[in-house]
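For reference, the structure is listed below as structure tokens.
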Amino acid sequence: MKSRTIKVDYLARVEGEGALYVRIKGDRVVDVKLKIFEPPRFFEAFLRGRHYDEVSDITARICGICPIAYQMSAVHAIEDAFEVKVDGQLRALRRLIYCGEWIGSHALHIFLLHAPDFLGYDDVVGMAKDHPEIVQRGLQLKKAGNEIMALIGGREIHPINVRVGGFYKTPSKREFEPLRESLARARDEAIEIVRWTATLPFPDFEQDYEFVALRHQDEYPFNEGRIVSNKGLDITSFEYDDHFTEVHVKHSNALHCILKERGAYAVGPLARFNLNFDKLSPLARHEAHKAGLNEVCRNPFQSIIVRSVEVLYAFDEALRLIDEYEVPDRPAVAITPRAATGYACTEAPRGLLYHRYQIDDQGRILDARIVPPTSQNQKTIENDLWGLVPQHLNLSNTDLTSRCEQSIRNYDPCISCATHFLKLDIERE
Amino acid sequence: MKRRRRPKLAVWKFASCDGCQLSLLDCEDELLLLADTLEIAYFLEASSAVIKGPYDLSLVEGSITTPADAERINHVRRVSKFLVTIGACATAGGIQALRNFRDVDDFIKIVYATPAYINTLEHSTPIADHVKVDFELRGCPINKHQLLEVISAFLQERKPNTPAHSVCVECKLRGIVCVMVAHGTPCLGPVTHAGCGAICPAYDRGCYGCFGPKETPNVRSMGRWLGSLGMSEDEQWRVFHSFNAYAKPFRGFSPEVNEKSNDQG
Amino acid sequence: MSLEEHAMSATADLMTPRVFRVRRKIRELRDVFTLVLEPSGPTEFSFAAGQFNMLYVFGVGEVPISLSGDPGQTQILVHTIRSVGAVTRAINKLKRGDAVGVRGPFGSQWPFEKAFGRDVIIVTGGLGIAPLRPAVHQLLAQRESFGKVSLLYGARTPNDILFQKEIERWRGRLDLEVEATVDSAPPGWRGNVGVVTTLIPRAQFDPATVIAFVCGPEVMMRFSVLELEKCGVSKERIFISMERNMKCAIGFCGHCQFGAAFLCKDGPIIALDRVQTWFGKREI
Amino acid sequence: MERDQLQQLFRLLAGNGYRVVGPTVRDGAIVYDDVASIEDLPSGWTDEQDGGIYRLTRRKDEALFGYAVGPHSWKKFLHPPVIRLWRAQREDNGFQVNQETDEPPKFAFIGVRSCELHAIAVQDKVFLTEPHVDPIYQARRQNVFIVAVNCGQSGGTCFCVSMNTGPKVTFGFDLALTEVVEGERHYFVVEAGTEKGEEILGQIETAEADAEARLKAEQVVAQTAAQMGRQLDTTDIKELLYRNYDNSRWDDVARRCLTCANCTMVCPTCFCTTVEDVTDLTGEHAERWRKWDSCFTLDFSYIHGGSVRTSPRSRYRQWMTHKLATWIDQFGTSGCVGCGRCITWCPVAIDITEEARAIRETDTKKGS
Ligand SMILES: Cc1cc2nc3c(=O)[nH]c(=O)nc-3n(C[C@H](O)[C@H](O)[C@H](O)COP(=O)(O)OP(=O)(O)OC[C@H]3O[C@@H](n4cnc5c(N)ncnc54)[C@H](O)[C@@H]3O)c2cc1C
Ligand code: SF4
Ligand code: SF4
Ligand code: SF4
């Protein structure tokens, strides 16, 4: 029987360093491993003994692509421990800066990482030669997202303005004026992008996933909500550890997270969209429909459309938040540390991000636990490959490899929290 | 325009958060021009295409934390004509160098259930501890305008304008009101390398040193003053031991036991 | 244009480089070369011995470089440069016809008026001879106006002797005493060995009236001054050429301060008595 | 002149094409910035200052100029912190340099203190003395309209009396105000110093100040002079410092000094700059930018092979000796006007008056 191995030592166009290994015997897949060898950095360990006020700056450094997600989960978990509620305009500003990160991160993924797969380019630079307008548009969208982060956060990567209780300084209304203009322009562009992604060639591939995301009664979820799934899960962040568990597999420096009861599940744009379609803005819903998305989308390749719908939504939401903005009385609510454990999940661009902190009465961190979206998706990514490869055995090794990579990128795995290809070995037995 | 052969650019990653290489992709307005000026020959985060070295300009992100990486950096040096480290990880060991102050096995046990699978070095070390580095760009993360400045300077064979003086100079050039003097907020600006544009003071918080030590930083005097502003010894230790904890002048900082009289002598 | 406006635009001009072209480049030593520049359009210029220009290479940067040519020649600018860092390396790469930005000339000059009728002793080392070459040309051009003229020159090795042919020519003149010495020499070298200060007591000059021109590395100048003083030359007759960082060359940037002197305008050539408070002190 | 008439002055100045800048409260300090009306002035605010400490506090009255000096000085308008000097474009076989042609605004400064007038006079000497005149400074300086204020209160770090630079304004202003607040009554005694000043004043309906008002104004200034927060003995200061280059006090201050350059940045007379030659990615376009620099940076004294002033000791010594001594040789005046900014804004409270005193006390060659 012929057997082959698909091996990608360095996955390209993903954030961080990972590799892929698939072994095929005849028409049967016998092994799939998404290896993550991004070196461990031990955040949970050195958070111990640090002060609660340092956590959001430190955890931001887990990932340069979605630092705001880390900051948001961190501050919410700590506020949960201290029983502090941050609302009104401060809450709105947090949503707004998160919109910025979704836009920046999604635009990066759509245009720089994923779209080249669909169109057969190695990278955006190659793609720009044939599709200059699309690429320009994409870069401008990304820039608009970064502008939100830079204005509220001080800079786009590892913003400095987020703190437990709110912010260090809140922007004036006037500072939003130029931003509002560029966002309004970008929203129109974003509509075009949704339409464009819908025209990409998608393979027929659907699986029966368990989608997990936050759900909030009034809004599309960013910072708050219950953790729900299409298979009946409905819990608070406090109960996360009861239902999810991390396993350490030999082939990876990242931990795999699974649902204790049902195993693999998927988080991210597809999950959010499927569980919160009704909470999208009318414009985003309208464009989603026009793009051929139904309320539930099970084709992970179409996540690129879903991402662009979320980008459109984020612009819509950002504009709404800016229009309703009033400078809050104070940049942050007062904090009194107490000994307690706090829990929070927020929606990082790549999906659910769980933080838990045990803190002493001096505000020192005793214990920290962080579960990034990519660990949660890892098993599902491998499952997709188990399902996908047998369907495409007729492809040449090169094409099969690209298809596998594309399928991995469906999840926008962030290997730093989970990016890349170098060498391909095909073993035939 | 005289068109020379386009220099080949490579971007390498070691232990890091990807933020510094992302800074390159965050140059939305310049990205395509950049790709036109330099041949992007190796940049896994952005491209599947890999063009063989040697590379004229290598940007290296991340610190060395595993035996394999300690090997790989030697390879990177061999294939690079001009090697620039980008960011606190690559120039100072990064936040992950906090392990250098503790026992790494304890760290592994805290994070991983099956520590045996993890192969890591005891220390997280900057690139310059392993190979010769031609230029170091500071920051956690680096500032994208400075990155463009370094690349433009490389192309023109000039010295990049990335002054090593304090953040205070940038702060004052912007006319920001000093948060330490006017509000009593502890600020590491006076001992921290410029480059960020003094964003923290501009947002009403003290600088936390993410660009690492400036030229000739007086960390002892700084520590004493932080103490007089009410920072405990533990807080003083922590503030110097964050994203550039392993950078020499910060690494060696230990708070002076606060004497009663807070004299400045 | 009012007078005031005129002064203003004149200074504005001093802040913007004018474009010159490389007419010739001569390799002097392994890392030292002489650049002959000519204006790219009709421009008037003249300079005095000891002055310097700010040379700008497009996109690279700007550095102070002394004029090393004959002040009598007004059609060209001559500079002798050691390639040490980014800008000087870039200058070294320029080819015939390439453009160079020039601001200048700036600074003070060797005090010939003070030297009329007196002996002149020139003590120099290494590249320090570059800003003194125009002085030698001028002394020779007006040779009858001065007493004895001696040129003492130190280099590291025989291979480091700059303007060797010219020095040989000068050495052949009867109205000029020329002595060269090297720090270390290969076998076969028949000249002096030792530091340049050892030549001073042997030189012929009247210590009571002589005017000394000293230019070279700061340590070399320090010891030369000590030696000159020992011979009885007083401070106000010793002229040194100092080097400090310079950005504007017109006294605004502050970088070139050496004690109370702005070396870009009070110097680079300055009488020792004006800077005696600082000369020889560390980190001034 | 009453409060309302001051408002009129703002309008007149703006109407005459001036960009009116003056004191205003921002981020916990009184800074100099655009001010549209007297509403923008720091009404009822004052500052408490000491080494390394500045705090805004409320006054008991609604005085508009009831504070000393803040972190900014007027030099930021006359001698911009960052400015492009020129742009150049590569051309076939060379390049072309284009000078900046932007017309700077006409500034009206509101609330200039006596020490600040002296500081401006000092910078005039630096930038406007033949043969070289800085066109950037000159273009801003020649059109400026100065509304000075006599200090009604000294700051905790002020020592203008020692430096002979205040608190009463004596020259260099177009208009000078003395603010008098007495119970319910709040008025200004105005004096015109130039024709330009007369002209503007003539357009405001003001009452001639009576003898009592004048006397009150005199008292205000006299009171301030008596309150100086610091003192500096300037006797033979130049000679003192010239003979103390090797004093061990420099080592002592170096243990505290952070070489952060704040003192030079806030100093109203410090003039030093550096330039940055930059290019874009294409290498076709080059620019030169000028930025404030400081003798506290290593690059400042860099010559090939290393910086001249590597030790913090030599850098502090350069700054203080320049301010108090070499300046006198260079420009015939002290480089220090006694405003106290370097003391207040030094993050570790190093005090020039204290250091000068210490040098004097340990002057080994005293009397020689
Ligand atoms: C008045 C004067 C006359 C000079 N004449 C000559 C000459 O005739 N021939 C010659 O070879 N050299 C001369 N020099 C020294 C020359 O200016 C430096 O070698 C040159 O600036 C080095 O620049 P770089 O960029 O190549 O080196 P780097 O070491 O890369 O220097 C970086 C920058 O520091 C500054 N800098 C470095 N060294 C000096 C220095 N010695 N003086 C002033 N600024 C410096 C410059 O701004 C330079 O761009 C003179 C210096 C002065 C002040
Ligand atoms: S230096 Fe900071 S921003 Fe850069 S890669 Fe490291 S952690 Fe990320
Ligand atoms: S706020 Fe910080 S960086 Fe700014 S001047 Fe003060 S101490 Fe320096
Ligand atoms: S003290 Fe320093 S920065 Fe200020 S003018 Fe003097 S040399 Fe320049």
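- Note: D:L298 leads D:L298, D:I53, D:T274 in heavy-atom pairs under 4.5 Å with chain B.
- Ranked by heavy-atom pairs under 4.5 Å with chain B, the first of D:E91, D:E276, D:Q49 is D:E276.
- Looking at D:T310, only its backbone comes within 4.5 Å of chain B, counting heavy atoms on both sides.
- There is no contact between D:D47 and chain B, counting heavy-atom distances below 4.5 Å.
- Note: D:N262 leads D:V82, D:N262, D:D280, D:L56 in heavy-atom pairs under 4.5 Å with chain B.
- With respect to the salt-bridge test (charged N to carboxylate O, under 4.0 angstrom), the residues B:K81 and B:D56 qualify.
- Contacts with chain B were tallied for D:A261, D:P80, D:G52, D:G28; D:G52 has the most, counting heavy-atom pairs under 4.5 Å.
- At a 4.5 Å heavy-atom cutoff, the contact between D:A254 and chain B is made by backbone atoms alone.
- Between D:F109 and D:W74, the angle of the ring planes stays under 30°, which puts this pair in the parallel group of the 30/60° scheme.
- In B:R220, the CZ atom is not crowded: 12 or fewer heavy atoms of neighbouring residues, nucleotides or ligands sit closer than 6.0 Å.
- For B:R158, the part sitting under 4.5 Å from any heavy atom of chain D is the side chain, from C-beta outward, and nothing else.
- Contact of D:F296 with chain B is made through the backbone alone, with heavy-atom distances under 4.5 Å.
- Note that D:R19 lies outside the cation-pi zone of D:F107, set by a 6.0 Å cut-off to the ring centre and a 45° limit from the axis.
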What verdict does the salt bridge (Lys or Arg N to Asp or Glu O under 4.0 Å) test give for B:D234 and B:R238, after you've listed the backbone C-alpha separation in whole Å, the side-chain angles of each residue and the deciding distance to 0.1 Å? CA-CA 6 Å; B:D234 174 52; B:R238 278 190 277 111; 3.1 Å; yes

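- Ranking D:V31, D:V266, D:T264, D:D277 against chain B, the residue ahead of the rest is D:D277, based on heavy-atom pairs under 4.5 Å.
- The aromatic rings of D:Y302 and D:H304 sit perpendicular to each other, their planes meeting at more than 60°, with 30° as the lower class boundary.
- Heavy-atom pairs under 4.5 Å with chain B were tallied for D:G51, D:G70, D:P71, D:G283; the largest tally goes to D:G283.
- Of the inter-residue distances, the one linking D:E354 atom CD with D:R249 atom CZ reads 6.0 Å to the nearest 0.5 angstrom.
- Counting heavy-atom pairs closer than 4.5 Å to chain D, the top-ranked of the candidates B:V167, B:L34, B:L38, B:L148 is B:L34.
- Proximity to chain B is absent for every atom of D:S294, based on heavy atoms less than 4.5 angstrom apart.
- Under the 4.0 Å criterion applied to side-chain N and carboxylate O atoms, D:D50 and D:R230 are assigned as salt-bridge partners.
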